[in-house]
Amino acid sequence: AKRKMDLFDYLASAAFGKPEILEEIYQDVWNCQAVFRSLPPVAKQYVMRMLFNPPLSRIAIDTWATPSSKADHMDAIKKLTKLRILRLASGGNNKVLKLHNEFQEKLLSSLTSGAQQVRGEEPGRVSQAQLDEYAQSSWDSLLHFMVGSGSPPSSAMVDLLVAADLMSMENEDRLRISNQGFKFLLRDVYSQMWLLLLKYIDASVGGQMNEVLSFLLRTSFFTFGQCYSKDNLTAIQQQVVDDLAEFGLFYIPPTEPNKYYPTKMAISLCAGSAASAARPAPTDTVTEGEGYIVLESNYRLYAYTRSTLKISLLSLFVTMQYRMADMAMGMITRESIRAALLNGISADQIISFIRQNTHPQAEKRGAIPETVLDQIRLWEAERNRVTYHKGRLYDSFPTAD
C-alpha cells in the first residue's frame with residue numbers, strides 16, 4: 001500500500017522550491033530532533049556515523065551498504081538529500097558529503113546536553129478521556145457542517161474549507177459541499193486531517209510558514225494529557241493553537257485561555273504517525289472502537305450506530321429506509337450509487353469505506369459480498385461506456401476536393 005504523506009514529506013517538498021525554509025527550520029534544536037526522529041533507521045545510522053566525523057566521500061559512504069541492502073542505502077541517501085541534511089562539500093575530484101552545519105550543531109547539542117523538557121509543560125487537569133472526547137466532537141462538528149446537519153464554524157475555518165475545494169459558494173451567502181468534499185468525507189481520519197493541515201500550512205506566507213512549521217514539529221514532542229502555556233509562544237503560534245483547536249488538534253480550557261492541551265491526533269500527525277492518528281473510539285457505537293456496517297448479498301446494509309454523522313455519510317451512497325435506537329437500515333441501489341458517482345465519489349472509495357467500517361462479525365465472512373462488489377463496479381462502468389475527446393471542425397473549403 002502507498003505510504004501516506006506526512007509533515008516531513010511536506011517539509012522536503014516545500015524546501016525543493018524554497019531551500020531557505022529548511023535553513024530557518026534547522027535553527028531550532030527541537031526541529032532538528034523532530035526531523036532526525038522521522039528518518040528511516042538506515043538514514044539515522046548514517047547521520048550518527050557522520051555526526052562526529054569530518055566530511056566523507058560518496059565512495060566511502062557507499063561502502064557502508066552490503067549488496068543486499070543497496071535499496072535501503074539509496075533510500076536513506078535520497079531522504080537525507082531531499083531534507084538537505086546531507087550536502088556536497090569541496091573535495092577535489094571526488095564527491096565529498098557532509099552534514100548540514102546547523103543541523104549537525106543542533107543535534108550534537110541535544111545529544112550532549114541530556115534530556116530536555118519542552119518549555120511551558122505543566123501537569124494537566126483534563127483527563128485523556130476528556131481530550132479524546134473533545135477531539136472527536138470537534139472533528140465531527142466540522143463534518144456535520146459539511147454534510148449540512150451542523151452549525152457553521154468560524155469564518156476562518158469556512159475559508160479554509162473553501163480554499164481546500166471541499167465546499168463552494170452556491171449563492172452569495174450559501175455554501176454547498178463540492179465533489180472533492182464528497183470524496184473527502186469517505187477518506188480515513190488521518191487523510192482528512194492531513195489534507196486540511198496541509199492547506200492551513202500553505203495559507204501561511206513568508207516567515208509565518210516557518211513559525212507554523214516549527215511549532216508543529218515541536219508539537220511532536222508534547223506529552224498527551226499535559227498542559228502547556230501560551231506565554232512561551234509567539235503571536236503567530238498562539239493563533240495557530242486557536243485555529244487548530246477548531247478541528248480538535250488542541251484543547252483550550254474556557255477558564256484558562258492562556259493554556260492549551262495537545263490531543264492525541266495533534267501529536268500523531270506532527271510526529272508523522274498515521275497508525276496512532278486514528279480517531280478515538282466513538283462513544284455512540286454498540287461496541288466501542290469497532291466497525292458498525294453489515295452488508296448482505298441482497299444489497300441490504302445495516303449500520304449498528306446511533307451517530308447521525310455516520311448515517312449521513314452512508315446516505316451518500318445508500319438509500320436509507322428506516323432507523324431505530326441503535327441501528328439503521330438501507331439499500332444499495334443503482335440510483336444511490338449513481339448519485340454518489342455524480343458527486344465525484346468513485347466505486348473504489350465506496351468499497352474502501354465499507355471495508356474500513358465493517359463490523360467484526362461481518363469481517364469473518366468477507367466485508368463485501370462478491371455479488372455486491374461486482375455490481376458496484378458495473379454500475380460505475382455504465383457511466384464510462386462512452387469516452388469524449390475534443391475535436392476540430394474544418395469547413396468553408398473553396399472546392400469540394
Side-chain angles (χ1 to χ4, degrees), residues 3-56 58 61 73-91 95-113 116 118-119 194-195 197-222 233-234 236-237 240 244 266-274:
R3 190 177 69 86
K4 297 181 189 298
M5 188 180 189
D6 60 30
L7 187 59
F8 304 96
D9 295 323
Y10 174 78
L11 199 59
S13 62
F16 182 76
K18 297 179 179 179
E20 65 274 10
I21 290 178
L22 282 175
E23 297 297 326
E24 183 73 26
I25 290 295
Y26 292 154
Q27 298 294 321
D28 184 86
V29 65
W30 289 103
N31 294 346
C32 294
Q33 289 183 74
V35 173
F36 175 76
R37 192 169 66 171
S38 75
L39 296 173
V42 176
K44 286 180 182 176
Q45 186 183 100
Y46 289 179
V47 170
M48 293 304 294
R49 284 190 182 189
M50 300 182 71
L51 201 57
F52 299 94
N53 292 309
L56 296 169
R58 176 63 189 267
I61 295 174
H73 170 73
M74 295 306 297
D75 286 343
I77 296 295
K78 182 179 179 182
K79 184 78 172 180
L80 292 172
T81 305
K82 285 180 71 175
L83 287 167
R84 298 182 179 270
I85 295 172
L86 206 58
R87 53 203 314 186
L88 287 173
S90 57
K95 280 187 177 179
V96 175
L97 298 173
K98 66 173 186 176
L99 295 180
H100 187 285
N101 291 335
E102 288 293 337
F103 183 88
Q104 184 176 16
E105 180 186 326
K106 295 297 188 293
L107 197 58
L108 273 171
S109 172
S110 66
L111 289 173
T112 55
S113 60
Q116 300 178 38
V118 178
R119 290 174 59 193
W194 171 243
L195 190 148
L197 187 61
L198 177 64
K199 190 57 68 173
Y200 182 83
I201 298 171
D202 283 340
S204 307
V205 293
Q208 289 186 356
M209 177 179 284
N210 290 335
E211 285 206 48
V212 173
L213 286 170
S214 290
F215 175 70
L216 293 175
L217 289 171
R218 185 172 296 196
T219 300
S220 65
F221 290 96
F222 287 174
L233 304 179
T234 66
I236 292 172
Q237 292 171 344
V240 171
L244 299 187
I267 297 171
S268 300
L269 277 172
C270 296
S273 173

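- Looking at residues two or more places apart in sequence or on another chain, you find a side chain to side chain donor-acceptor pair (under 3.5 Å) between Ser214 and Asn31.
- Side-chain contact between Arg58 and Leu86 is absent, with no heavy atoms from C-beta onward closer than 4.5 Å.
- Between Ile85 and Leu39, some side-chain heavy-atom pair lies under the 4.5 Å cut-off.
- When all heavy atoms of Ile267 and Ser220 are compared, the closest pair comes out as CG2-O, 4.1 Å.
- Expressed to the nearest 0.5 Å, how far NZ of Lys44 lies from NZ of Lys79 amounts to 11.5 Å.
- Residue pairs meeting the salt bridge (Lys or Arg N to Asp or Glu O under 4.0 Å) criterion with at least one member in residues 27-39, sequence neighbours excluded, are Asp28-Arg218.
- Of the inter-residue distances, the one linking Ser13 atom OG with Lys82 atom NZ reads 7.5 Å to the nearest 0.5 angstrom.
- The shortest distance between side-chain heavy atoms of Leu97 and Leu80 does not fall below 4.5 Å.
- Here the straight-line distance linking atom CG of Leu99 with atom CD of Glu105 works out to 12.5 Å at 0.5 Å rounding.
- Between Leu216 and Ile201 the shortest side-chain heavy-atom distance falls below 4.5 Å.
- Between atom CH2 of residue Trp30 and atom CG of residue Leu217 there is a gap of 12.5 Å, rounded to the nearest 0.5 Å.
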> Given the rule in the side-chain contact (heavy atoms from CB on, under 4.5 Å) test, do Glu20 and Asn210 qualify, once you have shown the distances and angles that lead to the verdict?
Replying inline: CA-CA 10 Å; Glu20 65 274 10; Asn210 290 335; 6.0 Å; no

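- Closest approach of Ile236 to Gln208, counting heavy atoms only: CD1-CG, 3.5 Å.
- For Phe103, the ring pair (Phe, Tyr, Trp, His ring centres under 6.0 Å) test picks out Tyr26, with sequence neighbours left out.
- Between Ala12 and Leu83, the closest heavy-atom pair is CB-CD2, 3.9 Å.
- Proximity of Leu22 to His100: side-chain heavy atoms (C-beta onward) are nowhere separated by under 4.5 Å.
- In terms of the ring pair (Phe, Tyr, Trp, His ring centres under 6.0 Å) criterion, Tyr200 has no residue partners (sequence neighbours excluded).
- Rounding to the nearest 0.5 Å places CG of Leu56 at 10.0 Å from CZ of Arg49.
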> Is there a side-chain contact (heavy atoms from CB on, under 4.5 Å) between Leu213 and Tyr10 once you walk through the steps?
Replying inline: CA-CA 10 Å; Leu213 286 170; Tyr10 174 78; 4.1 Å; yes

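- Side-chain contact check for Leu88 versus Val96: every heavy-atom pair is 4.5 Å or farther apart.
- A search for salt bridge (charged side-chain N to carboxylate O under 4.0 Å, His left out) contacts involving Arg87 returns Glu23, not counting sequence neighbours.
- Lys106 is linked by a salt bridge (charged side-chain N to carboxylate O under 4.0 Å, His left out) to Glu102, counting only residues two or more places apart in sequence or in another chain.
- Expressed to the nearest 0.5 Å, how far CG of Leu7 lies from CG of Leu197 amounts to 7.0 Å.
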